[in-house]
Trainee: 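Shown below is the structure under consideration.
All residue numbers refer to positions in the sequence shown, counting from 1. Computed from a prediction, not measured in an experiment: that's the story for all the values here.
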Amino acid sequence: MSLPRFSNVSYEEYLALREKSEDRLEYIDGVVYMTPSPSIKHQLVSSNIHTQFGIYLKREKCKVFAAPTDIELVSEKFPDRKVVIPDLSIICDEKGFTETKYIGVPTLIVEILSPSNQAHDLVTKFNLYMAYGVKEYWIVNPMKDAITVYTLNEEGLYEQADIKAGTGVVQSVCFLGLALNLEEIFT
């Protein structure tokens with residue numbers, strides 16, 4: 001469950017909280033969100049997607065990262081700092097890596113829903129990733145064995161590019177040939 005833990009927090013206060021905490025903490029618009037440990041099914045689904053992405057990316061310059069990898073989103077349009085911990089991300093621009101996080105905008109982000117965090121991923125992060133220009137956003141629902149793929153259109157808004165539930169294959173828009181069979185992901 002992603003719950004607001006503190007609000008009206010400066011970036012410096014967030015960093016101080018991070019230093020003292022073992023929790024996974026995200027920082028969005030002055031609010032610190034705590035994300036507790038995921039369920040076993042969540043982890044299995046994440047592992048399956050991570051494996052498939054890794055196999056595909058063997059022939060690409062991009063890399064796949066799993067949580068807990070901190071992503072500090074940056075944009076010339078938004079001066080405020082935002083730090084998220086996506087379940088999975090594909091990063092193609094190597095310039096933003098530090099020892100502890102990635103500073104920039106991943107090409108593709110995957111969030112895996114939990115019963116208690118759906119609004120955070122479906123609303124807060126959906127709008128955040130769209131505003132910062134994440135080209136492709138996958139929402140994975142392990143309760144329904146479903147994957148929805150969104151991609152940025154010419155106006156910078158997300159459009160649903162693919163959706164499958166139960167069976168079938170979802171396709172990436174940004175990575176031609178990257179396709180996942182749902183039966184392999186959710187079993």
Trainee: For the backbone of L17 and the side chain of S21, can you confirm whether one donor and one acceptor N or O come within less than 3.5 Å of each other?
Mentor: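 Here the side-chain-to-backbone pair does not exist.
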Trainee: State yes or no: do L180 and L57 share one hydrophobic cluster built from I, L, V, M, F, W and Y residues joined by side-chain heavy-atom distances below 4.5 Å, directly or via other members?
Mentor: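 Yes.
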Trainee: Please name the pair of heavy atoms, one in A67 and one in P86, separated by the smallest distance, quoted to 0.1 Å.
Mentor: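 Closest pair (atom of A67, atom of P86, distance): CB-O, 3.4 Å.
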Trainee: So, for V169 and A179, which heavy atoms are closest and what is the spacing to 0.1 Å?
Mentor: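 Looks like CG1-CB, 3.5 Å.
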Trainee: Taking all atoms of both residues into account, what is the closest heavy-atom pair of H50 and A66, and its distance?
Mentor: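 Closest heavy-atom pair between H50 and A66: CD2-CB, 4.0 Å.
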Trainee: Hey, could you give me the OG1/NZ distance between T69 and K101, rounded to the nearest 0.5 Å?
Mentor: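 So the OG1 of T69 and the NZ of K101 are separated by 13.0 Å.
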Trainee: Are side-chain heavy atoms of I40 and Q43 found at a separation under 4.5 Å?
Mentor: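 Not touching, per the 4.5 Å side-chain cut-off.
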Trainee: Taking E111 as the fixed residue, which of Y129, W138, Y137 is the one that meets the side chain to side chain donor-acceptor pair (under 3.5 Å) rule?
Mentor: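 Among Y129, W138, Y137, the one meeting side chain to side chain donor-acceptor pair (under 3.5 Å) with E111 is Y129.
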Trainee: Evaluate whether atom CD of Q160 has more than 12 neighbouring non-hydrogen atoms of other residues, nucleotides or ligands under 6.0 angstrom away.
Mentor: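 Yes.
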Trainee: Would the number of heavy atoms belonging to other residues, nucleotides or ligands and lying under 6.0 Å from CG of N153 be above 12?
Mentor: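 Yes, the 6.0 Å shell around CG holds more than 12 heavy atoms from other groups.
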Trainee: Could you report the tightest heavy-atom contact between Y14 and L25, atom names first, then the distance?
Mentor: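 The pair with the smallest heavy-atom distance is OH-O, 3.0 Å.
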Trainee: Could you pull out the closest heavy-atom pair between D70 and T100, with the gap in Å?
Mentor: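 That closest heavy-atom pairing would be CB-O, 4.3 Å.
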Trainee: To check you understand the geometry: which heavy-atom pair defines the closest contact between A161 and T151, and what is its length?
Mentor: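 So the two residues come closest at CB-CG2, 3.9 Å.
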Trainee: Classify the ring geometry of F65 against F97: parallel below 30°, tilted from 30° to 60°, perpendicular beyond 60°.
Mentor: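 Ring orientation, 0 to 90° scale: tilted.
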Trainee: Please go through I55's hydrophobic cluster and name the other residues, only I, L, V, M, F, W, Y counting, with side-chain heavy atoms under 4.5 Å joining them.
Mentor: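 Cluster partners of I55: none, it stands alone.
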Trainee: Rounded to the nearest 0.5 Å, what's the gap from CD1 on I49 to CG on L44? Could you check?
Mentor: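 These two atoms lie 11.5 Å from each other.
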Trainee: Take N48 and F186, measure what side-chain contact (heavy atoms from CB on, under 4.5 Å) needs, and give me the verdict at the end.
Mentor: CA-CA 8 Å; N48 290 339; F186 294 108; over 6 Å; no
Trainee: For a 4.5 angstrom cut-off between non-hydrogen side-chain atoms, does L108 reach S172?
Mentor: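 Yes; the side chains approach each other to less than 4.5 Å.
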Trainee: Just how far is it from atom CD of E159 to atom CD of E154, taken to the nearest 0.5 Å?
Mentor: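 Spacing of CD (E159) from CD (E154) equals 8.5 Å.
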Trainee: Report whether L73 and I85 are members of the same hydrophobic cluster (ILVMFWY, side-chain heavy atoms less than 4.5 Å apart, transitive linking).
Mentor: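 No, no single cluster joins them.
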Trainee: Side chains of E136 and T107: does their closest heavy-atom pair fall under 4.5 Å?
Mentor: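 Result no, sub-4.5 Å side-chain heavy-atom pair not found.
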Trainee: Could you grab the distance from atom CD1 of I103 to atom NZ of K95, nearest 0.5 Å is fine?
Mentor: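 NZ of K95 is found 13.0 Å from CD1 of I103.
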Trainee: On the 0 to 90° scale, with breaks at 30° and 60°, tag the Y56-F175 ring pair as parallel, tilted or perpendicular.
Mentor: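 Rings of Y56 and F175: perpendicular, over 60°.
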Trainee: Whether the side chain of T51 engages the backbone of S47 through a donor-acceptor N/O pair (distance < 3.5 Å, no angle test) should be reported.
Mentor: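 Side chain of T51 to backbone of S47: a pair is present.
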Trainee: Got a second to check how far D80's CG is from S10's OG, nearest 0.5 Å?
Mentor: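 Going from the CG atom of D80 to the OG atom of S10 covers 11.5 Å.
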Trainee: Between Y132 and V149, is there a shared hydrophobic cluster once you connect ILVMFWY residues whose side-chain heavy atoms come closer than 4.5 Å?
Mentor: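 In one cluster: no.
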Trainee: State, yes or no, whether a side-chain contact exists between E26 and V84 at a heavy-atom distance under 4.5 Å.
Mentor: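 E26 vs V84: side chains touch.
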Trainee: How far apart are the C-alpha atoms of D87 and V45, what are their side-chain angles, what is the distance that settles it, and do they pass the side-chain contact (heavy atoms from CB on, under 4.5 Å) test?
Mentor: CA-CA 10 Å; D87 289 307; V45 168; over 6 Å; no
Trainee: Would a hydrophobic clustering, with Ile, Leu, Val, Met, Phe, Trp and Tyr connected at side-chain separations under 4.5 Å, put F78 with I109?
Mentor: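 As far as the 4.5 Å side-chain criterion goes, I109 and F78 are connected within one cluster.
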Trainee: side-chain contact (heavy atoms from CB on, under 4.5 Å) between K82 and I28: does it pass, once the steps are laid out?
Mentor: CA-CA 5 Å; K82 313 251 190 307; I28 302 170; 4.1 Å; yes
Trainee: Applying the 4.5 Å side-chain criterion to the ILVMFWY set and letting contacts propagate, would L157 and L128 be lumped into a single cluster?
Mentor: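 Yes; tracing contacts between hydrophobic side chains, which count when under 4.5 Å, links both residues.
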Trainee: Can you confirm if the aromatic rings of F126 and Y150 lie within a centre distance of less than 6.0 Å?
Mentor: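 When the ring centroids of Y150 and F126 are compared, they turn out to be within the sub-6.0 Å range.
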Trainee: State the CD-CZ distance between E13 and R18, to the nearest 0.5 angstrom.
Mentor: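 That separation rounds to 15.5 Å.
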Trainee: Determine all donor-acceptor pairs shorter than 3.5 Å in which one atom belongs to a side chain in residues 139-147; sequence neighbours excluded.
Mentor:
unit_1 : atom_1 : unit_2 : atom_2 : d
N141   : OD1    : M143   : N      : 2.9
N141   : OD1    : K144   : N      : 3.2
D145   : OD1    : K41    : NZ     : 3.1

Trainee: What pairs with K135 under side-chain hydrogen bond (donor to acceptor under 3.5 Å, both in side chains), at least two apart in sequence or on another chain?
Mentor: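 With neighbours one apart ignored, the set is empty.
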Trainee: Distance-only, no hydrogens or angles: does the Y27 side chain make a donor-acceptor pair with backbone N or O of E72 under 3.5 Å?
Mentor: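 Not a single qualifying donor-acceptor pair exists.
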